[in-house]
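Letters A, B, ... mirror the listed sequences (proteins, then strands); counts begin at 1. Bear in mind that the values here come from a model prediction, so they are computed numbers and not experimental data.
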Protein chains: 2
Amino acid sequence: MSGMSGRAAQSQRALMGVRDLIVSGELRAGTRLSELTLVERLGISRTPLRAALAQLGQEGLVEAIPSGGYAVRSFSREEVIDAIELRGTLEGLALRLAAERGVAPARMGELTRLLEGIDEALKGDVADMNFDGYVDLNAAFHEKLWGLASQTIRREIERVTSLPFASPSAFLDKQANVEAFRRSLYGAQTQHRAMVEAIALREGSRAEALAREHARLARQNLEFVLDQDRSLIRRVPALSLVVG
Amino acid sequence: MSGMSGRAAQSQRALMGVRDLIVSGELRAGTRLSELTLVERLGISRTPLRAALAQLGQEGLVEAIPSGGYAVRSFSREEVIDAIELRGTLEGLALRLAAERGVAPARMGELTRLLEGIDEALKGDVADMNFDGYVDLNAAFHEKLWGLASQTIRREIERVTSLPFASPSAFLDKQANVEAFRRSLYGAQTQHRAMVEAIALREGSRAEALAREHARLARQNLEFVLDQDRSLIRRVPALSLVVG
DNA sequence: CTCTTGATTTCTGTATACAGGTGGTATTTT
DNA sequence: AAAATACCACCTGTATACAGAAATCAAGAG
């Protein structure tokens, strides 16, 4: 079996497969990843699997063992907080540069339209909002926002975001439809609007500060889960990797 | 030949070998990297070479070609500027967190001692400073500075810094001993002192701003080379990858 | 019973064989 | 002569074979 349709199809399959095994919690933090076991489980050969492990090592989801091979990484609360702060900082950089350098009106229009869509999803009160709709629109909004940055910076944002608990939709999984999270969405949308406005007004510093503060919502949600309601841990993907 | 001394010794050799070929300019921007050619040139087999290429792809020095394989990436002036801005932002984050969270006195002492060493190297005027000494001490200082950050953030800084022209010592290569660069070192040292002071005084915002501005020295040097004296391009490693 | 030591088993890192696809070239056709 | 097509060489992605190094387990000594 060689030269399948997509470019490096087996490697992609391996990457997704292993990532899924980790994020879903089937492979717990600290577990050593046996290549042969994974090869058998995923039905691929060692070469693309090793490529996937190397990539996951770069992403930070697994770490190299000095004596050889890889292990599922575990994250302390502080490390997760730093990863969130890191994302906020990078998004802040992206928005500051976008504001300073200017954004084409067409793109601003697309952002505004997404904002209106989110408003629509939030219509009504906490009980009967369209949570699933919000999740999708929020993801689309953030992606468009990143699209304002240059390739160099977008690449970094995407890398940091590949850590599942640092992503802006980490606590917006459809499985995590919890009132505590839903309540935070109104404030989030206020921040969305302010960010777009700051970019339109070329207020770089304000846009940067807003992006940082916006990312800290994830930190609030994280601390809520860890300190207030640990039962939610298994409803948020990859939070099983967080110890303490 | 298998299982040499270090962990993945051949892969390391491949990584350094290919990186050198690119940075030294032997492989020009846009060149397609033929695996067989490189294998022959470096005296290793395809497997570790492919691992190296994948890593260089992550670092951004090479880019994947849709139809397969990799090519040496080329960087526009804007992309280089963004990479420098990115480094400054990350270093700013590291310093801000260090200032906010506090640093053990022992570590502050090490930084102060390095500062004094740099002062010593700068003694005298522009003509008879100890340039080579500065280069080494500056590298050590920056590394210690990064060491203040958490692993999560340090990893990102190291990744961005792996782009040779974004590194803080990009224009401090011993081959690039040019008066224009030497003159900038006095201002740089003033910033070094201010950064350490800001951390000691827990002035997070100031430390962050200083780190950003400090990184922009690299931007100044870049623009000097590109606009004032292009003959320096071949004296600064990897600047041959910058087009325009 | 515990600790050390030796052998075995398993694993990773490396080399290489294989198959399909891509790009280039030469030939043919219009 | 220009364009289209068929053929060929090369190259990448994948699978697998191999060798040295760990880790594990068992047996023996203290």
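To the nearest 0.5 Å, the span separating CD1 on B:Ile199 from CG on B:Leu95 amounts to 4.0 Å. One finds the CZ atom of B:Arg96 at 5.5 Å from the OG1 atom of A:Thr89 (value rounded to the nearest 0.5 Å). One distance of note links CG of B:Leu148 with CE of B:Met195; it measures 11.0 Å at 0.5 Å rounding.
Taking only side-chain nitrogens and oxygens, B:Thr47 never comes nearer than 4.0 Å to OP1 or OP2 of C:dT16. Look at B:Arg50 and you'll find a side-chain N or O under 4.0 angstrom from OP1 or OP2 of D:dG13. For C:dT14, the OP1/OP2 oxygens have no side-chain nitrogen or oxygen of B:Arg46 closer than 4.0 Å.
In this entry the distance linking CG of A:Leu38 with P of C:dC11 reads 11 Å, nearest Å. Atom CD of B:Glu35 is separated from atom P of D:dT14 by 11 Å (rounded to the nearest Å). Remark: C1' of D:dT16 and CD of A:Gln10 are 15 Å apart, rounded to the nearest angstrom. One interatomic measurement links the two molecules: CZ of A:Arg13 to P of D:dT14, which rounds to 10 Å at whole-angstrom precision. In this structure, A:Leu15 atom CG and D:dT14 atom P are separated by 12 Å, rounded to whole Å. To the nearest angstrom, P of C:dT12 lies 15 Å from CD of A:Glu63. Look at CD on B:Glu40: it is 15 Å from P on C:dA15, rounded to the nearest Å.
When the options A:Glu91, A:His142, A:Arg87 are evaluated for a side-chain hydrogen bond (donor to acceptor under 3.5 Å, both in side chains) with A:His214, the one that passes is A:His142.
Here C:dA15 is the nucleotide among D:dT12, C:dA15, D:dA15 with the atom lying nearest to any side-chain atom of B:Pro48. Minimum atom distance to the side chain of A:Arg7 is reached by D:dT12, of the listed D:dT12, C:dT14, D:dT16. Of the candidate nucleotides D:dT12, C:dT12, C:dT16, D:dT12 has the atom nearest to the side chain of B:Leu36.
As judged by a 4.0 angstrom heavy-atom cut-off over every strand, B:Ile65 is placed among residues making no nucleic acid contact. Counting any heavy atom pair closer than 4.0 Å across all strands shown, B:Leu53 reaches no nucleic acid atom.
Both A:Ser67 and B:Arg32 sit near DNA chain D, but only B:Arg32 has its closest nucleotide nearer the 5' end.
Ring orientation note: the planes of A:Tyr134 and A:His192 are close to parallel, at an angle under 30° on the 30°/60° scale.
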